[in-house]
Amino acid sequence: MALFGVNRCVKCGHKSGSWLTVRTMRATWDFTGTRALVAGAGGIGAAVAGALASAGAAVLVLDIDKAKLDRLQQETSGFVSGLAVDLTSADACRTAVGRTVELLGGIDVFVHAVGVNDRRPVLETPDEVWERITAINLDSAFWLGRAVGAVMVPAGYGRIVYLSSVSGLLAHADHSPYAATKGGVNQLMRVMAREWAPTGVTVNAVAPGYTETELTRAYLARPGVRASLESLVPAGRLGRPADLTGPVLFLSSDESAFVTGQVLYADGGRTLV
Ligand SMILES: NC(=O)c1ccc[n+]([C@@H]2O[C@H](COP(=O)([O-])OP(=O)(O)OC[C@H]3O[C@@H](n4cnc5c(N)ncnc54)[C@H](O)[C@@H]3O)[C@@H](O)[C@H]2O)c1
């Protein structure tokens, strides 16, 4: 990774010489030779896969939705490839990781960015909703992480990044299975990080606040919801998929070698209030 510092006036854009001059940093990443597996071709997964590919990584993406994979492949001019798979079984996860190793020759980076939500009060949450959300959000995090760890640990190198959520910390009403899975992902990540720290494999999580993707589209379209959520974010806006690529790429890079077992909140300050 190369980092360039530029002094710029926030008012006029001139490069220096003003009391308003701030230091802005622009990071460019070099993932040439890196083999990356990204689970999830949704808003955040696609942004991360695209960012890794434009930084030179060979990227394979897993998702149940073949149309999304095809679109991503097209948008990245074939630099990202896809494998359509339902990740709600241990066998499917194991097979997908095995296939990735065959195709890429190994896995250096794994990003878990699949997830579903279904907003209901606890008393109105049926078994099948609990089971579906835990299978996708938490079970697949374990199954894929375990299979990827079995490749990375003997290789002596790896970067694993889970997409957690502010819901892993805050008790949002109507989020019981989702919040439980994100709290679970945080603890799963911490245990993997501790077990694998001696091996050169780091495991971390990035926790977004509300971000504009398909996961939140219908909810944000309800009257008043967007404004009320924005008012809870000190930065004054909701997240965008591009807000997550920097944090995820940092934790996927060599620059984060001594960072493990951490949850990095990328939430515009949502968890501060
Ligand atoms: N968008 C947000 O506001 C937000 C906030 C916090 C955390 N997150 C987390 O970020 C991650 C990515 O979310 P997103 O916003 O990109 O959502 P998204 O809905 O855009 O993408 C999720 C992807 O998961 C895939 N998926 C669902 N079930 C699957 C299955 N059984 N097998 C394989 N793939 C499956 C979907 O097809 C979809 O492409 C999730 O873990 C989510 O919980 C999102």
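Model, not experiment: these values are computed from the prediction. Just follow the structure's listing: the first ligand is 1, and inside any ligand the first atom is 1.
- Under the side chain to side chain contact (heavy atoms under 4.5 Å, CB included) criterion, R35 pairs with L104, D108, sequence neighbours left out.
- The side-chain hydrogen bond (donor to acceptor under 3.5 Å, both in side chains) test with T181 is passed by exactly one of N137, N117, N186: N137.
- In summary, E230 and R270 do not engage in a salt bridge, as defined by a charged side-chain N under 4.0 Å from a carboxylate O.
- Ring geometry for Y210 against H175 counts as perpendicular: the plane angle is over 60°, on a 0 to 90° scale with 30° as the lower cut.
- The pair R132-D127 does not meet the salt-bridge criterion, since no charged nitrogen lies less than 4.0 angstrom from a carboxylate oxygen.
- Ion pair E75/K68 not flagged as a salt bridge, since none of the NZ, NE, NH1 or NH2 atoms sits closer than 4.0 Å to an Asp/Glu carboxylate oxygen.
- Annotation: ligand 1 has protein neighbours A41, G42, G43, I44, D63, I64, D65, K68, V85, D86, L87, T88, A113, V114, G115, V116, I136, L163, S164, S165, Y178, K182, P208, G209, Y210, T211, T213, E214, L215, T216, each with a heavy atom less than 4.0 angstrom from the ligand.
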